[in-house]
Amino acid sequence: MKRKKIIHILNSETPWDNIHIKGWVRTRRSSKGFSFLEVNDGSCLKNVQVVADHSVPNYNDVEKITTGSAVSIFGRLVASPGKGQKWEIHAETVDIISIAPESYPLQKKRHSDEYLRTIGHLRPRTNKYGSVFRIRSEISFAAHQFFRDRGFRYIHSPIITGSDCEGAGEMFRVTALDLENIPKKNGKTDFIHDFFGKEVNLTVSGQLSAEMMALALGDVYTFGPTFRAENSNTARHVAEFWMIEPEMAFCDLEGDMAIAEEFVKYLTAFAMDNCREDLALFSTFVDKTLLATLDTIISSDFLKLPYQEAVDILKNTGKKFEYEINYGNDLQSEHERYLTEEYFKKPVIIFNYPKEIKPFYMRMNNDSKTVAAMDLLVPRIGELVGGSQREERYDVLESRMDELGIAKENYWWYLDSRRFGTVPHSGFGLGFERLLMLITGITNIRDVIPFPRVPGQIEF
RNA sequence: UCCCCAGUAGCUCAGUCGGCAGAGCAAGUGGCUGUUAACCACUGGGUCCGCGGUUCGAGUCCGUGCUGGGGAGCCA
C-alpha cells in the first residue's frame with residue numbers, strides 16, 4: 001500500500017480504514033499501556049496524532065521511540081475524541097524505520113535562530129523552517145506562473161561569465177589553473193592558460209544575457225543563483241542568492257515599474273491564498289503585524305516618486321538623519337526606510353536617479369542628468385527591486401561607456417544588439433530571499449535560504 | 001571592512017564585592033488508561049570560548065585571539 005501524505009489525510013472529509021503513513025516523530029507522550037505519537041512528514045506544518053497501544057505487536061519497542069525517529073504506520077483514520085485535532089490514526093502496526101539517539105539536537109521546545117543556524121542540516125525539521133522552505137517552494141512556482149500567464153519565456157542565463165559588466169560588486173573567480181603553479185606573464189597571472197583562455201567569474205546578474213534574449217523572444221525572465229564576493233556582514237546579504245530578472249522588449253520605465261508592482265502584489269497574494277497555514281505560524285510567532293502588512297502591499301497603490309522629490313521630502317521633513325541627504329548622493333538605508341516605513345507607510349518606487357550613481361546601461365533621460373532607473377522600496381527590507389529602462393541608442397551607450405572607462409571590446413556583442421534592430425526595452429532584478437523576508441516577516445536573510453553562504457561560513 | 005554587544009550543562013540563561021558551579025527546559029530511569037511543548041518522582045550531566053597576565057585565590061579584573069549577534073557601508 002502506498003503511503004499517504006499527512007496533508008492529504010488531515011484534509012479528509014471522512015474516516016478512513018487501511019491508511020499508511022511514513023514520517024518523523026516530533027514527540028511521544030505515553031501513559032500506562034498506550035502512546036501518542038506526533039508524526040510529521042513535511043507535507044504540511046501540522047502533525048498527525050497516532051495512538052498506539054498493546055494491540056500493536058511490538059508495543060515494547062514503540063515505547064522506546066524518541067523524538068526524531070522515523071516510523072512507518074498502518075492503521076485507521078478516525079475522528080479524534082481529544083481536543084486539538086479533528087483526526088487521529090489508530091495504529092495497527094508501527095514499524096520503526098530508524099531510532100534517533102538521545103543526542104538528537106532538536107528538542108521538544110523552541111530553539112533560537114542562532115542555534116538552529118549551527119545545525120543547518122537539521123533545522124528544516126522544525127516547524128518554523130519547514131514553513132519557510134515550503135513557502136519558498138510555493139513562491140518559486142508562483143513566479144513562474146506569473147510570467148507564463150503573461151507570455152514571458154523562461155531563459156537560463158549562464159552561471160560562469162566572462163563579462164565583469166554589471167559593476168554589481170566583487171566577483172568570485174572561477175579557474176581551473178593549478179593554484180600551486182600559476183602561469184605568469186609580466187608578473188601577472190596569465191589566464192590564456194586557463195580553461196576558457198581568459199579571466200572568468202561567477203555571475204552577479206543575468207541581465208545582459210536576458211537583454212539579448214528579450215531582443216529575440218520579446219518578454220523573458222531569468223530565475224537563478226547569483227554570486228557576490230562582497231564582504232557584507234548584514235542580515236540582508238548573502239554571497240549566494242537567487243534573483244528573478246524579467247526583461248521586456250518594447251517596454252519603457254513606466255511599464256517596468258507597473259510590472260514590478262504587479263509582480264510583488266501577485267506573489268504576496270499567492271502566499272496569502274496558498275500558504276495560509278504556514279503564514280499563520282509567522283504571524284503568530286515572528287511578526288504579529290505580518291498579515292496586515294501583506295494586506296497593505298496587496299491593496300495599496302505603490303507610490304511613484306522621482307528621486308528629486310524624494311530628496312526634497314527628506315530635506316524638509318525635519319527628521320535628523322545620521323547621513324545628510326544631498327542631491328547626487330545615493331539614498332542611505334535610513335532614508336529609504338524612513339520613506340517607506342514612516343512617511344508613506346507603503347511600498348515606494350523611486351525613479352529617475354542621477355546618472356553618476358547608476359551603471360552604464362541605464363537609459364539617459366532628456367535632461368542629460370538623470371537615467372531611467374527605479375528602485376522599489378518596501379517596509380522593513382528596504383530595496384527589494386532595482387531596475388531600469390536600458391540605453392538602446394548605440395551612440396549614447398557608447399559615449400556612456402567611454403565616460404565610465406568601460407572596455408568596449410569586451411562588450412562587442414552587447415553593443416551589437418544596439419546596432420541590429422535595437423528597440424526600447426526595460427527590466428528589473430528582484431532579490432528572491434528579500435521577497436521571502438517580506439512575506440514571512442523573518443528579519444535575517446540567512447533564515448530564508450536553506451544553506452546560507454556568508455563570509456567565513458560555508459559549513460553545509 | 002568599521003562601530004557596539006555577547007560567549008557558563010544538550011538548549012535558554014542567572015551567577016552579588018574576586019572566595020565550594022546554579023536554575024528552567026531537554027535527556028535517562030520509574031510511575032500514570034486520552035495526552036496536546038502531557039503530567040509526577042528520581043538520576044546523570046561543566047575545557048565557565050582559546051591563550052596570556054594580575055592575585056594567596058579568577059566564571060568574575062586586564063590584554064589578546066576566535067566565534068556568534070545587532071547596526072553601518074556595499075547591494076538584491
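All figures in this text were calculated on a predicted structure; none of them were measured in a lab. Chain letters run A, B, ... following the sequence lines, proteins first and then strands; every chain starts at 1.
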field: Those residues of residues 127-141 of chain A lying under 4.0 Å from RNA chain B by at least one heavy atom
entry: none
task: May I ask you to list the residues of residues 10-24 of chain A, by number, that have any heavy atom positioned under 4.0 Å from an atom of RNA chain B?
output: none
query: Which base, if any, makes a Watson-Crick or G-U wobble pair with B:C25, both distances under 3.5 Å?
result: B:G10
What's [X] touching, base or sugar-phosphate or nothing? Going by heavy atoms closer than 4.0 Å.
X	answer
A:Val454	nothing
A:Gly82	base
A:His54	nothing

I'd like the [atom1] distance from [M] over to [N], given in whole Å.
N	M	atom1	result
B:A37	B:G63	C1'	45 Å
B:U55	B:A9	C1'	29 Å
B:G73	B:G15	C1'	39 Å
B:U43	B:G22	P	15 Å

Between the protein and nucleotides 67-71 of chain B, list the N/O to N/O atom pairs that are separated by less than 3.5 angstrom.
residue	atom	partner	partner atom	Å
B:G68	OP1	A:Gln457	NE2	3.2
B:G69	OP1	A:Arg117	NH1	2.7
B:G69	OP1	A:Arg446	NH1	3.4
B:G69	OP2	A:Arg446	NH1	3.2
B:G70	OP1	A:Asn444	ND2	3.3

task: Mark up nucleotides 43-49 of chain B, 5' to 3', with B wherever a protein heavy atom is under 4.0 angstrom from a base atom, S wherever such an atom reaches only the sugar-phosphate, and - elsewhere.
output: -------
field: Between A:Asp278 and A:Ser131, a side-chain donor and acceptor under 3.5 Å
entry: yes
Sort me out a list of protein N/O and nucleotides 24-27 of chain B N/O pairs below 3.5 Å, or just none if empty.
residue	atom	partner	partner atom	Å
B:C25	O2	A:Lys109	NZ	3.2

field: Name of the residue among A:Glu392, A:Glu211, A:Gln389 meeting side-chain hydrogen bond (donor to acceptor under 3.5 Å, both in side chains) with A:His425
entry: A:Glu211
message: Tell me whether the side-chain N/O atoms of A:Ser112 come closer than 4.0 Å to OP1 or OP2 in B:U12.
response: yes
What's touching nucleotides 31-33 of chain B from the protein side, N or O pairs under 3.5 Å?
residue	atom	partner	partner atom	Å
B:C32	OP1	A:Lys32	NZ	3.4
B:C32	OP2	A:Lys32	NZ	2.9
B:C32	N3	A:Ser30	O	3.4
B:U33	O4'	A:Lys32	O	3.4

